[in-house]
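Single-structure report; data block below.
Computation of the quantities below employed the complete heavy-atom set of this structure, encompassing side-chain atoms and omitting hydrogens, waters and symmetry-equivalent molecules. When a residue number appears, it is its place in the shown sequence, counting from 1.
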Amino acid sequence: MKFLVQTFWLLFFYLLGLGVSMMIGGLVPGSVLGMVFLFSALAFGWLSPQRVSRISELLLDNMVLFFLPAAVGLITSVGLISANLVAILVAAAVSTVLIVAAVAGTQQRLEIRKRKRKIREGGHETR
């Protein structure tokens with residue numbers, strides 16, 4: 001029975017996300033909105049993590065099964081991928097560099113902010 005209730009909560013947030021997605025014209029996928037709603041409910045304490053723990057563990061333990069359709073899709077599109085391989089590799093390299101630069105810049109700004117806050121509070125920076 002507990003497993004069924006936990007499945008209900010996951011499906012509830014998934015369907016809530018789908019409904020909101022339809023109301024906003026599909027701008028954001030319903031599954032993404034459902035995850036945001038579930039995360040918000042867990043973060044704000046509206047839903048206890050124990051209420052979804054067993055089903056979450058089951059899904060995480062079997063996550064590899066969710067990637068099989070994508071892998072089969074890649075295998076069936078080998079011709080298309082090989083025709084555009086250079087563009088795909090350039091896009092992957094450029095986006096990776098941009099992501100690393102954005103994360104590094106954000107981290108540096110956060111570290112500077114943390115040091116300034118520590119100095120304002122009267123602590124001394126040891127590094």
Side-chain angles (χ1 to χ4, degrees):
M1 185 66 168
K2 187 183 280 190
F3 190 76
L4 188 61
V5 171
Q6 291 186 6
T7 304
F8 164 78
W9 283 113
L10 289 185
L11 289 174
F12 171 78
F13 285 105
Y14 173 70
L15 293 174
L16 179 66
L18 283 178
V20 172
S21 177
M22 282 192 265
M23 286 192 298
I24 63 173
L27 186 64
V28 179
S31 57
V32 173
L33 286 175
M35 285 191 293
V36 169
F37 293 147
L38 177 61
F39 174 77
S40 299
L42 290 167
F44 291 119
W46 301 329
L47 182 68
S48 167
Q50 289 77 24
R51 298 190 67 117
V52 292
S53 63
R54 280 185 64 199
I55 187 70
S56 300
E57 288 175 10
L58 175 74
L59 291 172
L60 286 173
D61 289 343
N62 297 297
M63 189 180 287
V64 72
L65 295 176
F66 299 115
F67 290 100
L68 286 177
V72 170
L74 284 174
I75 291 170
T76 61
S77 302
V78 166
L80 182 63
I81 291 171
S82 62
N84 299 305
L85 187 60
V86 173
I88 293 170
L89 292 176
V90 168
V94 169
S95 64
T96 299
V97 169
L98 291 175
I99 289 170
V100 169
V103 169
T106 303
Q107 180 62 30
Q108 284 179 342
R109 278 188 242 123
L110 290 173
E111 288 291 329
I112 290 169
R113 186 183 295 174
K114 182 178 173 182
R115 286 184 194 142
K116 286 181 180 178
R117 188 177 326 132
K118 217 173 199 179
I119 291 169
R120 269 185 297 187
E121 293 173 354
H124 297 288
E125 186 63 36
T126 57
R127 292 188 350 180

Original post:
If Ile, Leu, Val, Met, Phe, Trp and Tyr residues are connected whenever their side-chain heavy atoms lie under 4.5 Å apart, and connections chain through other members, are L11 and F39 in the same group?
Top reply: no
**OP:** Tell me, with the steps shown, if R54 and L58 meet side chain to side chain contact (heavy atoms under 4.5 Å, CB included).
**Re:** CA-CA 6 Å; R54 280 185 64 199; L58 175 74; over 6 Å; no
Original post:
Would you say the side-chain atoms of S77 pair up with the backbone N or O of L74, donor to acceptor, closer than 3.5 Å?
Top reply: no
**OP:** Check whether F13 and V32 end up in the same hydrophobic cluster, where Ile, Leu, Val, Met, Phe, Trp and Tyr are linked by side-chain heavy atoms less than 4.5 Å apart.
**Re:** yes
**OP:** Measure the spacing between CZ of R115 and CZ of R120 and express it to the nearest 0.5 Å.
**Re:** 14.0 Å
Original post:
Just wondering, are more than 12 heavy atoms of other shown residues or ligands nearer than 6.0 Å to OH in Y14?
Top reply: no
Original post:
Got a sec: does the CZ of F67 have more than 12 other heavy atoms crowding it under 6.0 Å?
Top reply: no
Subject >> Straight-line distance of K114 NZ to K116 NZ, nearest 0.5 Å >> reply: 15.5 Å
Original post:
Between the side chain of S21 and the main-chain N/O of G17, is any donor-acceptor distance below 3.5 Å?
Top reply: no
Subject >> same_hphob_cluster(F12, V52) at 4.5 Å side-chain heavy-atom cutoff >> reply: yes
Original post:
Do L16 and V5 share a hydrophobic cluster, counting only Ile, Leu, Val, Met, Phe, Trp and Tyr and linking them when any side-chain heavy atoms are less than 4.5 Å apart?
Top reply: yes
Original post:
Going only through I, L, V, M, F, W and Y residues with side-chain contacts under 4.5 Å, is there a path from F37 to L47?
Top reply: yes
Subject >> CA sep, side-chain torsions, deciding dist, call: W9, I55, side chain to side chain contact (heavy atoms under 4.5 Å, CB included) >> reply: CA-CA 10 Å; W9 283 113; I55 187 70; over 6 Å; no
Original post:
What is the distance from atom CZ of F8 to atom CZ of R51, rounded to the nearest 0.5 Å?
Top reply: 9.5 Å
Original post:
Could you walk me through whether I24 and L33 pass the side chain to side chain contact (heavy atoms under 4.5 Å, CB included) check?
Top reply: CA-CA 11 Å; I24 63 173; L33 286 175; 4.1 Å; yes
Subject >> Spatial distance of atom OG (S48) from atom CG (L42) [nearest 0.5 Å] >> reply: 8.0 Å
Subject >> Given T76, N84, V78, the one that forms side-chain contact (heavy atoms from CB on, under 4.5 Å) with L80 >> reply: N84
Original post:
Considering only heavy atoms from C-beta outward, does the side chain of M63 approach that of L60 to under 4.5 Å?
Top reply: yes
